[in-house]
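Source: prediction; values computed, not measured.
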Amino acid sequence: MDNSYRPERYNSHTSGMESDIRSVGWRSPSNIALIKYWGKRKGQIPGNPSISITLSKSFTETVMRYSPARPGKGRLKNFIFEGSQQKAFADRLRSYLKSVTALYPFLPDYDLSIESRNSFPHSSGIASSASAMAAVALCLTSMEQQLFGSPSVEDSFFIKASYAARLGSGSAARSVYPGYVLWGRYTRIPHSADEFAIPLNDLVHKDLREMKDSILIVDEKPKAVSSSQGHSLMHSSPWAPVRYLQAADHTRRMIRGLSSGDIEEFVRIVESEALTLHSLMMNSGQGYILMKPGTLEIIQKVRDFRNDTGIPVAFSLDAGPNVHLIYPGDFADIVRKFVEQELLGSCSRRQWIDDRAGRG
């Protein structure tokens with residue numbers, strides 16, 4: 001792990017009024033995948049390796065309060081999101097907590113209350129499940145550390161949190177770490193695994209370390225298909241074997257490009273991955289078309305801008321219509337002006353988020 005980075009953890013405390021109530025808290029950012037994770041096997045095992053950049057301004061803050069319950073009778077008492085009870089996500093959390101009891105065997109003996117908030121709006125093209133489940137997994141691992149003093153080693157702490165986060169949301173495994181992150185077994189990177197993510201920052205060329213991500217909100221409506229549904233479509237897709245071979249090749253080329261500072265290769269792969277993801281959705285049985293007219297307008301303008309200026313701006317897409325512009329921070333002022341003058345007309349209510357690679 002690159003020791004120049006440190007995730008943000010809140011100081012735990014014991015309430016003065018109820019001394020048996022303790023709390024832990026984490027701020028965990030979302031991430032944008034450069035090599036897309038799309039398709040999975042049983043146990044949230046990815047069909048292919050993925051590489052992402054962890055963001056900075058787009059994060060979830062979560063505080064978990066816990067107190068002793070009757071042995072075996074502990075439960076999630078409530079989940080509050082931005083001041084309101086959220087039953088649907090609370091039910092998802094209850095299922096998740098049950099699924100990680102083998103990892104955290106003390107959980108059935110404690111009552112939990114969780115409060116959470118996002119720094120970004122819903123349906124903004126940011127993977128909220130990644131930041132949310134990473135924050136919960138980090139809280140659980142901190143809870144274990146408070147109670148039992150382990151994991152005592154920093155690397156072990158984050159590996160366990162990444163492992164647990166994966167079980168809640170695959171991409172959450174990556175949000176535990178800063179900067180560039182690899183999730184999935186890749187034979188050329190020691191210690192890489194399908195069960196947890198690892199940071200890649202130590203091998204990244206200095207010219208590619210300070211990256212920006214301008215997130216353009218084309219459509220605020222919930223996307224037509226959830227990520228879980230999208231992953232399941234790969235089981236019956238005739239293109240899945242070819243896709244997994246492509247992803248493996250892109251992973252190899254991306255790691256080589258990150259190491260050498262090859263920004264042109266970076267742009268080619270990032271954009272190919274984004275378009276491949278949407279091609280897979282369009283070629284699924286249901287034929288999902290997730291792009292909007294504004295998405296295509298932005299893509300064309302970005303390509304024209306790059307050809308005219310030589311500035312290496314890459315577009316990326318998740319499984320929705322909103323566009324991420326990823327580029328080296330040295331060009332931030334020029335790209336920001338381009339966004340404001342040329343691209344916001346294609347955005348819903350001229351909304352965008354000026355983000356960057358973060359500390360985890």
Side-chain angles (χ1 to χ4, degrees), residues 1-13 22-31 37 43-46 49-54 59-64 66 74 93 96-110 112 114 129-204 255 358-360:
M1 181 175 178
D2 184 340
N3 290 324
S4 66
Y5 294 93
R6 284 293 182 271
E8 289 203 46
R9 177 181 358 202
Y10 305 132
N11 292 327
S12 60
H13 67 274
R22 304 179 72 182
S23 68
V24 291
W26 282 87
R27 172 184 289 180
S28 181
S30 186
N31 65 79
Y37 146 61
Q44 292 281 77
I45 298 300
S50 59
I51 297 175
S52 65
I53 296 177
T54 303
F59 57 80
T60 298
E61 284 183 339
T62 296
V63 174
M64 179 182 293
Y66 63 94
L93 279 177
Y96 170 70
L97 292 170
K98 185 177 179 180
S99 74
V100 296
T101 300
L103 286 175
Y104 306 99
F106 53 87
L107 277 178
D109 299 333
Y110 287 86
L112 305 179
I114 300 175
S129 62
S131 55
M133 299 311 298
V136 169
L138 286 160
C139 284
L140 290 173
T141 311
S142 283
M143 179 180 171
E144 179 182 34
Q145 193 176 62
Q146 281 189 359
L147 292 169
F148 305 104
S150 64
S152 58
V153 179
E154 183 179 85
D155 286 349
S156 298
F157 180 97
F158 290 110
I159 287 172
K160 181 162 188 175
S162 179
Y163 187 109
R166 180 195 99 245
L167 297 174
S169 169
S171 56
R174 301 188 304 248
S175 276
V176 166
Y177 292 105
Y180 291 92
V181 182
L182 168 69
W183 171 40
R185 178 67 179 145
Y186 180 65
T187 55
R188 301 187 186 192
I189 298 294
H191 312 300
S192 61
D194 289 336
E195 293 80 13
F196 55 85
I198 60 171
L200 291 178
N201 302 296
D202 289 343
L203 62 76
V204 176
I255 289 174
R359 295 183 300 157

Donor-acceptor pair, Asn31 side chain versus Ser171 backbone, under 3.5 Å?
yes
Please walk me through it: do Tyr186 and Ile255 pass side chain to side chain contact (heavy atoms under 4.5 Å, CB included)?
CA-CA 11 Å; Tyr186 180 65; Ile255 289 174; 3.6 Å; yes
Using 30° and 60° as the class limits, which term best fits the ring planes of Phe148 and Phe106: parallel, tilted or perpendicular?
tilted
With side chain to side chain contact (heavy atoms under 4.5 Å, CB included) as the test, would you mind laying out the steps for Met133 and Leu93 before giving the verdict?
CA-CA 9 Å; Met133 299 311 298; Leu93 279 177; 4.1 Å; yes
Ignoring hydrogens and angles, tell me if any N or O in the side chain of Thr54 forms a donor-acceptor pair with the backbone of Tyr177 under 3.5 Å.
yes
Derivation and outcome, side chain to side chain contact (heavy atoms under 4.5 Å, CB included), residues Leu112 and Leu107
CA-CA 9 Å; Leu112 305 179; Leu107 277 178; 4.2 Å; yes
Quick one: does Ser99's side chain have a donor or acceptor within less than 3.5 Å of a partner on Tyr96's backbone?
yes
Say you draw a straight line from CG of Leu200 to CD1 of Ile189; how long is it, rounded to the nearest 0.5 Å?
6.0 Å
For the backbone of Arg27 and the side chain of Glu61, can you confirm whether one donor and one acceptor N or O come within less than 3.5 Å of each other?
no
Output the distance between atom CG (Leu167) and atom CD (Gln44), rounded to the nearest 0.5 Å.
7.0 Å
From CA spacing to verdict: side chain to side chain contact (heavy atoms under 4.5 Å, CB included), Thr62, Trp26:
CA-CA 6 Å; Thr62 296; Trp26 282 87; 5.9 Å; no
Candidate list Glu195, Glu154, Glu144, test salt bridge (charged side-chain N to carboxylate O under 4.0 Å, His left out), partner Lys160, passing option
Glu144
With a 3.5 Å distance limit and no angle check, can you tell me whether Ser162 reaches the backbone of Phe158 through a side-chain donor-acceptor pair?
no
Is there a side-chain contact between Val24 and Gln146, using heavy atoms and a 4.5 Å cut-off?
yes
Which label fits Trp183 and Tyr37: parallel for a plane angle under 30°, tilted from 30 to 60°, or perpendicular past 60°?
perpendicular
Where do Met64 and Cys139 come nearest, in terms of heavy atoms and distance?
CE-CB, 3.8 Å
